[in-house]
Asks: 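Take a look at this one; I'll ask things after.
Here the structure is a predicted model, which is why all the values come from computation and not from measurement. Chain identifiers are assigned alphabetically (A, B, ...) following the order of the sequence lines, protein sequences preceding nucleic acid strands; residue numbering begins at 1 within each chain.
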Amino acid sequence: MPYIYNTTQDVQDMLAAIGVESIEELLDMVPEDLRLGRPLDLPAAQGEMELEQTIRTIAGKNRHAGDTVSFLGGGSYDHFIPAVVDAVGSRGEFYTSYTPYQAEVAQGNLQAMFEYQTLITRMTGLEVSNSSLYDGATSAAEGVLMAIAATRRKGRVVVPASLHPEYRQTIETYVQCLGVEVVTIPAPAGVVDADELRTALDDQTACVVLQHPNFFGALEDTDSITRVTHDAGALLVGVFDPISLGLLKRPGDWNDGDGADIAVAEGQCLGSPMAYGGPYLGIMACREKLVRRMPGRIVGQTVDRRGTPCYTLTLQTREQHIRREKATSNVCSNQGLFALRATVYLSLLGPEGLKETATLCLQKSRYLADRLSESDRFELAFAPPTFKEFVFRDREGKVDTLVKQSLDAGFFAGVPLGQFYPDLDDCLLVCVTEKRTRAEMDAFVEVLEGTAKDAKDAKLVAAE
Amino acid sequence: MPYIYNTTQDVQDMLAAIGVESIEELLDMVPEDLRLGRPLDLPAAQGEMELEQTIRTIAGKNRHAGDTVSFLGGGSYDHFIPAVVDAVGSRGEFYTSYTPYQAEVAQGNLQAMFEYQTLITRMTGLEVSNSSLYDGATSAAEGVLMAIAATRRKGRVVVPASLHPEYRQTIETYVQCLGVEVVTIPAPAGVVDADELRTALDDQTACVVLQHPNFFGALEDTDSITRVTHDAGALLVGVFDPISLGLLKRPGDWNDGDGADIAVAEGQCLGSPMAYGGPYLGIMACREKLVRRMPGRIVGQTVDRRGTPCYTLTLQTREQHIRREKATSNVCSNQGLFALRATVYLSLLGPEGLKETATLCLQKSRYLADRLSESDRFELAFAPPTFKEFVFRDREGKVDTLVKQSLDAGFFAGVPLGQFYPDLDDCLLVCVTEKRTRAEMDAFVEVLEGTAKDAKDAKLVAAE
Amino acid sequence: MKNTRDTKSLFELSKPGRRATRLPVCDVPEQAIEDLLPPSALAERAPELPELSEPQVVRHFLNLSTQNMSVDTHFYPLGSCTMKHNPKRNERAAAMPGFADLHPYQPEESLQGMLQVLYEMQEYLSEISGLPACSLQPAAGAHGELTALWVAAAYFRDQGTINRHRKVLVPDSAHGTNPASAVMAGFEVVTVKTTVTGAVDMDDFHAKLDDHVAVFMITNPNTVGIFEPSMREIADEVHARGGLIYLDGANMNAILGVTRAGDFGADMQHYNPHKTFSGPHGGGGPGAGPICVTEELRPYLPAPVVAKVSSGQRVAGSSENGGIGAADGPLPTAHYHLDFGSEKSLGRVRSFFGNVGVLLRAYCYIRTHGPDGLRRVSEHAVLNANYLLSRVKHFLPVPQGDRCMHEFVATVAPLKAAKGVTAMDLAKRLLDYGFHAPTVYFPLTVKEAFMIEPTETESKETLDAFAEVLFRVTEEEPDVLHAAPHSTAISRPDEVAAARKPVMCHCG
Amino acid sequence: MKNTRDTKSLFELSKPGRRATRLPVCDVPEQAIEDLLPPSALAERAPELPELSEPQVVRHFLNLSTQNMSVDTHFYPLGSCTMKHNPKRNERAAAMPGFADLHPYQPEESLQGMLQVLYEMQEYLSEISGLPACSLQPAAGAHGELTALWVAAAYFRDQGTINRHRKVLVPDSAHGTNPASAVMAGFEVVTVKTTVTGAVDMDDFHAKLDDHVAVFMITNPNTVGIFEPSMREIADEVHARGGLIYLDGANMNAILGVTRAGDFGADMQHYNPHKTFSGPHGGGGPGAGPICVTEELRPYLPAPVVAKVSSGQRVAGSSENGGIGAADGPLPTAHYHLDFGSEKSLGRVRSFFGNVGVLLRAYCYIRTHGPDGLRRVSEHAVLNANYLLSRVKHFLPVPQGDRCMHEFVATVAPLKAAKGVTAMDLAKRLLDYGFHAPTVYFPLTVKEAFMIEPTETESKETLDAFAEVLFRVTEEEPDVLHAAPHSTAISRPDEVAAARKPVMCHCG
Ligand SMILES: Cc1ncc(COP(=O)(O)O)c(C=O)c1O
Ligand SMILES: Cc1ncc(COP(=O)(O)O)c(C=O)c1O
């Protein structure tokens with residue numbers, strides 16, 4: 001047993017000290033009739049070398065962004081991760097410690113979290129950040145719960161159809177048992193219309209959840225929507241793409257600083273691997289006045305008994321381990337390691353690096369969008385300006401074939417939207433990060449157009 | 001500049017403090033006429049993301065033991081490296097520190113080196129180990145220089161042909177300028193004959209260098225050779241394979257403890273990557289009486305001014321930084337990081353793990369040797385027992401074709417011996433470590449035999 | 001080797017014009033930003049991030065790291081958190097590009113290895129729990145509780161009894177996440193008393209049990225490390241009322257291969273793979289919180305789950321679900337796909353599939369151990385805890401008695417009464433001796449609780465050293481203890497001040 | 001966070017029967033060992049390695065690591081060692097399986113990426129040195145010196161003048177490796193005096209220069225950080241006698257893109273890529289010591305070197321050299337192969353190709369910087385050193401004057417005379433303030449030498465802090481300094497005792 005120290009001698013000595021004959025005797029506490037009378041039905045143990053061979057073989061059955069040029073986005077992004085992020089993230093003192101209950105032996109984690117919170121407030125333009133939640137979707141849902149509690153409005157929550165569908169679904173799950181309705185406003189032009197939104201808001205509307213750039217990559221009219229939302233006495237939960245803030249206004253600055261009351265984001269793009277969707281980083285910031293309703297751990301600065309400045313967990317009376325059923329949330333374990341990674345990532349990028357990254361995403365995605373628009377077969381689905389993602393339509397409606405043939409040619413083509421929006425089943429959501437090169441995009445366009453040429457063959461394949 | 005902190009403002013402030021106008025002025029110390037008046041002709045700078053893409057593309061042009069089943073050995077081995085070795089070796093405090101000149105802030109390195117030395121003495125059965133030299137070949141050469149100095153015999157050094165040819169060549173380079181002759185004893189049966197060896201020893205012979213298991217993987221008659229060597233008043237430099245010591249007698253124990261006077265080895269097999277041949281780990285141990293002639297750093301245990309036990313570099317008066325032209329060697333930087341890795345590796349294996357690893361190598365290599373011997377086309381080149389490597393002959397003499405076709409089929413077939421021994425140009429040196437599976441070996445044999453069937457085609461290809 | 005200069009905050013270390021990152025020049029024709037984006041959407045400047053060089057970033061964070069205790073470096077007997085060794089081989093596996101660089105929306109045919117791991121993981125967890133249906137989605141233990149309660153709600157809704165089954169019973173010794181989750185899922189929390197051994201007080205249980213009970217959330221072994229003696233009885237009675245039993249599986253480390261939730265009457269459970277199956281705790285997270293439920297509850301699980309199709313079988317409806325190619329082309333060989341489940345599914349509880357990186361490490365852990373190994377884990381976890389109990393009880397009373405499963409709870413109350421020394425004092429003083437503190441003041445049912453979970457990945461030598469130090473500490477002068485720790489850079493942060501006027505980010 | 005239990009020696013931590021490694025069962029028919037190997041060759045038992053568990057190994061070494069200062073964590077101004085930042089991107093590159101898992105005897109066609117890196121590295125180093133021929137083989141700087149001297153010997157042998165050219169001139173300020181290498185290569189060492197600036201004493205040089213001089217080994221910038229003022233004159237005069245100039249390139253960090261060995265008269269030089277090109281020092285090593293030489297000396301370089309064949313060209317004799325397949329099959333596209341060189345080659349200086357892992361990191365470093373970036377490295381190395389000199393000279397005399405290249409040497413001699421405080425005292429006291437010490441007592445030509453090399457990868461803030469602490473330290477009470485360091489776990493090991501009765505391994 002590689003991880004167990006006890007030798008046969010140790011076991012004997014320990015049993016003697018306890019005063020029992022055998023380990024089985026210690027397990028007597030489990031009533032005989034509840035015992036599992038057989039070995040578990042699991043594969044046999046493997047040593048490290050065998051395990052590595054097993055795992056490597058399984059990993060080999062996957063294709064990944066390292067061997068396939070990826071144009072996939074939709075909330076998980078292939079941004080570049082500097083080596084320093086891994087070097088820091090793989091420090092045992094960071095990743096094998098836990099929640100800093102003993103501040104004296106956790107100043108490293110506490111300070112890093114405090115720095116993370118500071119970065120998030122500076123990124124969002126809001127006053128307070130917690131030290132992480134699970135992911136973007138659950139952060140959005142927790143933001144909605146905060147809004148419900150803060151406004152004491154339990155009627156409805158309004159979300160545009162341009163919000164990430166999985167975020168919408170998650171919000172639905174979170175509010176359904178509380179009797180709150182989720183009202184979806186269509187976004188046929190790829191963005192929500194502020195006037196249409198207004199009509200959905202009533203005096204029992206707790207909040208609007210606005211994603212900007214939205215799921216389709218498009219920029220929403222943040223100013224009008226902020227105004228309309230606040231006019232209705234509802235709170236605005238802004239969902240942002242951290243990378244976009246290299247160019248775009250911060251959620252707190254929308255509508256001249258009126259802004260989002262709560263801002264949430266998926267922080268995976270800040271130095272964490274895509275890892276088939278998790279673990280990721282739920283970012284949440286809010287206005288000062290909402291802090292006592294905020295879920296999750298918060299680190300505060302204070303002094304110790306000798307007056308030395310230091311850090312500690314604070315406002316713990318919001319939390320489940322103190323307040324139990326009266327807590328603001330049930331969150332316990334969070335995503336500390338990824339908050340750390342984001343902190344390192346942003347430290348390395350700095351303001352200029354973030355701006356340049358955002359600019360490259362913008363320019364490159366626009367290049368691909370322009371190239372695709374030139375084709376007879378493809379068109380952009382929506383008119384509004386986009387940041388790093390956009391939706392294009394295959395006039396021939398052969399999205400599955402495009403995806404399949406792209407894969408064969410070495411590309412992840414994009415996210416087929418039919419799975420989320422039946423009327424967009426001829427559309428793909430395409431993402432271009434700073435990692436993509438012009439050569440890759442040109443080759444991708446050729447593949448897509450090559451598919452066009454082979455449309456007949458493709459059709460045959462599809463018909464089989 | 002990612003690694004330079006100085007901002008434009010810093011530069012101005014610093015120049016002002018120094019009292020010069022520009023950095024160029026500081027470079028005035030280099031006479032104008034010696035200056036390079038142009039930029040260096042090198043590729044343009046690349047940011048981290050571009051660099052990684054460049055490097056990844058280049059790496060992609062290589063095949064490696066991860067994608068090709070390797071039967072290569074001959075001094076560099078595909079043994080399994082546990083993840084803990086990497087985890088420890090990638091600690092910045094280990095790999096970005098240097099020679100422990102300031103013992104107070106280097107106890108980590110010093111203790112690890114002390115533990116390494118202890119492990120090596122226990123592995124070799126000799127009393128003293130240094131804390132590493134460059135590699136196996138230079139360690140062998142340094143061992144020869146020690147023997148020359150210790151015996152004050154400057155006539156010759158005797159090496160069997162079964163010594164790794166690159167080690168022999170390295171020894172030749174090291175002793176040539178000193179006027180010492182290297183006499184090679186043939187090993188037509190794959191091992192050296194003790195009686196033949198005896199005839200080469202004269203009263204100016206400083207040492208015999210005996211590799212066991214030797215370059216062909218075969219076991220030498222260590223007892224007789226030790227006796228013959230010592231009878232001639234020469235020292236015995238033993239070259240060993242650390243993994244083999246899970247089964248075989250330690251160099252210090254040969255001939256009933258008479259043994260090697262100096263033992264050297266390539267330590268790469270102990271947890272370091274093959275990395276196209278370096279950096280590796282030169283292991284050296286010797287008898288107590290030879291310690292003051294030993295090259296390289298040695299860590300000793302002592303107490304500090306408060307009596308606390310601790311570690312420090314010791315016997316430094318052997319070294320170049322103290323003794324300059326009178327030093328035992330010119331070695332300064334050594335291979336500390338790989339000595340550390342070896343220490344971690346051996347800690348993880350323990351006596352049982354080493355024994356089991358050695359046993360698997362033995363059993364599996366014998367399996368492959370047996371399988372090949374069954375074939376009409378192939379035969380084992382030598383009769384003596386082997387450990388993890390063996391030499392087989394292609395009766396058709398198509399070694400290059402075998403290698404090529406194996407590569408195409410996903411195998412590194414073995415080391416063609418013609419490059420070192422013209423009369424063995426129909427032979428391959430094959431190695432089987434614990435990582436190889438029966439399925440891989442069976443497939444390999446099929447490929448080799450498939451080649452046999454396609455001999456005519458292969459011949460055509462070769463003739464082109 | 002202290003270095004306080006480089007641990008100044010990032011914002012103090014920042015200097016205008018410093019840079020660590022250099023991006024490539026744009027390789028496509030650049031357009032004016034104003035032509036691409038509406039000026040009203042553009043920020044005047046990028047956020048005020050610190051400006052640093054790469055060496056500075058490295059030094060800052062490496063020096064910070066050494067201000068933490070961690071499992072990699074210290075004994076960390078934090079009760080209820082199962083701070084066991086985090087194998088490096090699992091980290092190596094998770095870093096493989098074939099896992100780390102997978103996008104969640106890749107075509108399924110490009111994900112067969114990943115889906116295989118997840119499918120097998122569902123199977124393993126079901127086998128270990130004795131509950132046949134599994135969802136890997138929840139992001140942590142608490143999220144698993146919440147998800148399971150949503151499953152329960154969906155079930156009662158489907159049964160048409162949701163308006164009757166409104167209550168969730170929670171023992172007072174339960175973890176705080178339990179009642180908090182119940183409230184989030186829209187239930188009413190009813191607290192059930194426990195005895196000194198942490199066992200459910202059966203009188204109180206009977207007093208609280210009625211037809212409105214939807215779920216009994218039980219932690220078993222409970223938070224004082226005792227296997228619930230009335231487990232079967234409780235399950236039967238709750239079931240008789242139409243209610244469900246939820247097992248908080250945080251303490252699975254005690255019972256792997258010994259007994260199973262499904263076998264002792266639970267209908268649902270979550271796992272904490274970051275505890276039981278050695279996922280590193282990441283300074284707070286990530287975790288994962290997969291749940292297993294009975295066959296009856298399967299339809300309500302969140303979607304998607306991974307399904308396996310044997311060779312020659314077609315997947316029904318996979319293309320509707322975004323599965324690519326499965327319905328086209330030649331008949332597939334055995335393969336895996338995402339199944340978006342029944343109409344009855346409660347829906348999504350998060351984005352994408354789950355905390356896959358944590359699950360993958362757990363997968364490696366389970367495969368490293370196999371059936372015998374997993375049982376041995378629990379055996380030695382129980383052995384270590386009992387051994388430590390046998391040593392500690394001589395100087396710190398252990399109200400639960402002489403025996404425990406994987407952890408036990410001592411009390412510092414007598415010491416407090418005698419000398420004014422609190423559980424917190426002892427905890428802080430242990431830090432001076434190079435031990436992380438146990439969990440203190442939890443469970444709430446034990447006064448001055450001192451909750452010790454050594455785990456199986458510690459040596460007798462360490463346990464002995466810990467017991468000796470703990471004994472020595474109990475003998476020390478109260479003043480020394482009140483002022484502890486003494487050897488750390490800081491000591492006893494003023495939490496009251498921190499909460500009164502919270503400073504939650506670096507200003508200026 | 002100290003933990004002294006887990007830093008007991010491995011041998012004290014060992015316990016019979018503990019294991020961290022589990023090997024697979026043998027999957028081939030097992031034969032009795034005695035049938036496979038002669039019993040006389042077999043050990044009675046495996047070596048007495050410690051028996052440990054995996055968590056124990058991790059804790060032991062991680063705790064040990066934090067007892068080191070390192071560039072990753074501390075300012076480390078160790079003169080002559082160029083302790084600059086070690087970029088993490090280079091580590092990532094070196095860990096790629098496409099480099100880390102290459103066997104040195106793979107067929108060349110399976111190594112084209114590796115050979116490309118090495119070929120280009122040869123070209124880069126030649127361009128930077130102005131010396132057109134390159135060997136990447138030597139394993140460290142000292143090994144490079146030795147190899148270059150063997151090149152010289154081979155050259156003189158070939159010229160038939162080896163019996164005349166017997167002497168190697170070495171300045172007294174040179175690194176100890178220079179004279180040691182010269183002796184190993186069979187030459188006689190003649191020491192040349194240097195002035196207070198470390199410059200060659202031209203009178204002494206003229207006195208020592210004769211027709212027997214084979215090589216002048218010069219370090220330029222020299223070890224006190226001064227560019228040799230008589231460089232050209234020395235080179236010309238040595239050449240006039242038929243001798244060669246060898247540049248010890250340890251100080252290349254000062255002159256990248258500014259001046260080149262070949263341009264200032266050197267015939268040979270080594271590099272220390274682990275200094276100049278950011279290879280991590282590994283707690284002592286590895287390094288690498290590639291050398292560049294003139295066209296005239298090329299034939300004598302060790303074999304093999306990497307050669308490039310343009311498309312359509314055949315390699316002569318590649319199959320004799322173990323190159324596989326190159327002479328067969330269709331005409332190759334541009335590719336690389338090992339060239340085993342001329343008859344005149346001095347032969348091998350080690351096994352395999354070289355310390356490739358170190359060279360690969362250096363390759364990444366050069367490509368990260370490009371031509372302008374490399375020059376900027378030297379500019380800022382020189383700027384930082386001069387700035388620190390301008391601050392230090394006010395309280396520690398710097399005999400060489402007000403100016404330096406990449407490093408400078410102060411002297412503690414006056415302080416010693418005045419208060420009995422030595423360079424060692426200051427060095428030890430700096431440790432208390434979180435700085436690694438500079439190099440002390442080298443070069444031997446400066447009394448109580450205090451050799452400071454800040455490198456370009458440090459900030460003005462750090463240099464200011466260092467200067468302030470150093471100043472404060474010079475003002476401290478001698479007793480405080482003699483007893484320093486005070487804050488470390490140990491202080492001033494008894495080296496005399498250690499050497500008198502050396503304990504070089506753990507006994508028992
Ligand atoms: C008994 C118990 N239940 C639930 C949880 C919550 O698990 P998580 O932190 O993964 O959300 C914990 C975690 O500490 C626990 O100890
Ligand atoms: C001036 C000088 N020359 C030569 C060397 C030797 O280099 P290496 O340690 O790489 O053998 C050093 C190393 O410290 C040095 O400083």
Asks: Is the closest basic N to carboxylate O distance between R92(C) and E52(A) below 4.0 Å?
Replies: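 Counted as a salt bridge, because a side-chain N and a carboxylate O are separated by less than 4.0 Å.
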
Asks: Among V382(C), D263(C), I366(C), L374(C), which has the most heavy-atom pairs under 4.5 Å with chain A?
Replies: V382(C)

Asks: To the nearest 0.5 Å, tell me how far I255(C) CD1 sits from L27(A) CG.
Replies: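 The distance works out to 10.5 Å.
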
Asks: Which atoms form the tightest heavy-atom contact between L37(C) and P385(A), and what is the distance?
Replies: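 The pair with the smallest heavy-atom distance is CD2-CB, 4.2 Å.
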
Asks: How many angstroms lie between atom OG1 of T359(A) and atom CD of E30(C), to the nearest 0.5 angstrom?
Replies: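 These two atoms lie 8.0 Å from each other.
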
Asks: To the nearest 0.5 Å, tell me how far T21(C) OG1 sits from L349(A) CG.
Replies: 4.5 Å

Asks: Hey, are D27(C) and K364(A) close enough for a salt bridge, meaning a charged N less than 4.0 Å from a carboxylate O?
Replies: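 Salt bridge flag = yes for K364(A) with D27(C).
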
Asks: Flag the pair R19(C) and E356(A) as a salt bridge only when some basic side-chain nitrogen lies within less than 4.0 angstrom of an acidic carboxylate oxygen.
Replies: yes

Asks: Is there side-chain contact between E104(A) and P493(C), with heavy atoms separated by less than 4.5 Å?
Replies: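 Yes - at least one pair of side-chain heavy atoms lies under 4.5 Å apart.
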
Asks: Determine the option with the most heavy-atom pairs under 4.5 angstrom with chain A, choosing from A41(C), A427(C), G347(C).
Replies: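 Of the options given, most contacts go to A41(C).
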
Asks: Please flag which part of M69(C) lies under 4.5 Å from any non-hydrogen atom of chain A: side chain, backbone, both or neither.
Replies: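 Its backbone and side chain both get close to chain A.
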
Asks: Could you look at T173(A) and say if it's the side chain, the backbone, both or neither that has a heavy atom under 4.5 Å from chain C?
Replies: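 Both parts, heavy atoms under 4.5 Å.
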
Asks: Tell me, do I298(A) and P502(C) make a side-chain contact under 4.5 Å, heavy atoms counted?
Replies: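 Counting from C-beta outward, I298(A) and P502(C) never come under 4.5 Å.
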
Asks: Any side-chain heavy atom of L78(C) sitting closer than 4.5 Å to one from Q102(A)?
Replies: no

Asks: Could you point out which residue of K460(C), E456(C), H380(C) forms a side chain to side chain donor-acceptor pair (under 3.5 Å) with N6(A)?
Replies: H380(C)

Asks: Which residue out of K249(A), K61(A), R63(A) racks up the most heavy-atom pairs below 4.5 Å with chain C?
Replies: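 With the most close heavy-atom pairs to chain C, the winner is K249(A).
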
Asks: With a 4.5 Å cut-off on side-chain heavy atoms, are Y174(A) and M184(C) touching?
Replies: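 Yes, at least one pair of side-chain atoms sits under 4.5 Å.
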
Asks: Got a second to check how far Y76(C)'s OH is from Y98(A)'s OH, nearest 0.5 Å?
Replies: 9.5 Å

Asks: What part of Y367(A) gets closer than 4.5 Å to chain C, counting heavy atoms only: side chain, backbone, both or neither?
Replies: side chain

Asks: Are F442(C) and H321(A) an aromatic pair, judged by ring center distance below 6.0 Å?
Replies: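 Ring centres of F442(C) and H321(A) not closer than 6.0 Å.
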
Asks: Using heavy-atom distances under 4.5 Å, tell me whether P29(C) contacts chain A through its side chain, its backbone, both, or neither.
Replies: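 For P29(C), the contact with chain A is made by backbone and side chain together.
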
Asks: Do D494(C) and T302(A) have side-chain atoms, one donor and one acceptor, less than 3.5 Å apart?
Replies: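 The answer is no; no qualifying pair exists.
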
Asks: With a 4.5 angstrom heavy-atom cut-off, which part of P50(C) approaches chain A: side chain, backbone, both or neither?
Replies: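 Contact with chain A involves both backbone and side-chain atoms of P50(C).
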
Asks: Answer yes if the ring centres of Y3(A) and H369(C) are under 6.0 angstrom apart, and no otherwise.
Replies: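 Y3(A) vs H369(C): aromatic centres under 6.0 Å.
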
Asks: Check whether E115(A) reaches the backbone of L10(C) with its side chain - one donor and one acceptor, N or O, closer than 3.5 Å.
Replies: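 Side chain of E115(A) to backbone of L10(C), a donor-acceptor pair under 3.5 Å: yes, one is there.
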
Asks: Heavy-atom distances under 4.5 Å only: say whether A185(C) touches chain A with side chain, backbone, both or neither.
Replies: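 For A185(C), the backbone is the part near chain A, not the side chain.
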
Asks: Only pairs of heavy atoms separated by less than 4.5 Å count here; which of N86(C), N386(C), I128(C), L346(C) has the most with chain A?
Replies: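 Heavy-atom pairs under 4.5 Å are most numerous for N386(C).
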
Asks: Contact between N109(A) and Q67(C) at the side-chain level, heavy atoms closer than 4.5 Å - yes or no?
Replies: no

Asks: May I ask you to name which of T312(A), L26(A), L15(A), I23(A) has the most heavy-atom pairs under 4.5 Å with chain C?
Replies: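 So the answer, after comparing T312(A), L26(A), L15(A), I23(A), is L26(A).
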
Asks: Does any part of the side chain of T68(A), heavy atoms only, come nearer than 4.5 Å to the side chain of Q106(C), both counted from C-beta?
Replies: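 Side-chain contact under 4.5 Å: no.
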
Asks: Can you measure from OH (Y311(A)) to OG (S9(C)) and round to the nearest 0.5 angstrom?
Replies: 5.5 Å

Asks: Are the side chains of F412(A) and S110(C) in touch, meaning some heavy atoms are under 4.5 Å apart?
Replies: yes

Asks: When you measure from the side chain of D304(A) to the backbone N and O of I490(C), does any donor-acceptor pair fall under 3.5 Å?
Replies: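 No, D304(A) side chain to I490(C) backbone: no donor-acceptor pair under 3.5 Å.
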
Asks: State whether a side-chain donor-acceptor pair under 3.5 Å links T138(A) with R350(C).
Replies: no

Asks: Keeping the roles fixed (side chain from Q112(C), backbone from N62(A)), state whether a donor-acceptor pair exists under 3.5 Å.
Replies: no

Asks: Report the option among P273(A), S129(A), P43(A) that has the most heavy-atom pairs separated by less than 4.5 Å from atoms of chain C.
Replies: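 Most pairs with chain C among the choices: P43(A).
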
Asks: Decide ring-ring contact (aromatic ring centres under 6.0 Å, His included) for H506(C) and F114(A); before the verdict, give the C-alpha distance in whole Å, the side-chain angles of both, and the deciding distance to 0.1 Å.
Replies: CA-CA 8 Å; H506(C) 181 90; F114(A) 185 79; 7.2 Å; no

Asks: Which bit of Q316(A) is near chain C, if near means a heavy-atom gap under 4.5 Å: side chain, backbone, both or neither?
Replies: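 Side chain only.
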
Asks: What residue, out of E325(A), R324(A), Q335(A), M274(A), has the most heavy-atom pairs lying under 4.5 Å from chain C?
Replies: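 It is R324(A).
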
Asks: How far does CD of E109(C) sit from CG of L407(A), to the nearest 0.5 angstrom?
Replies: 5.0 Å

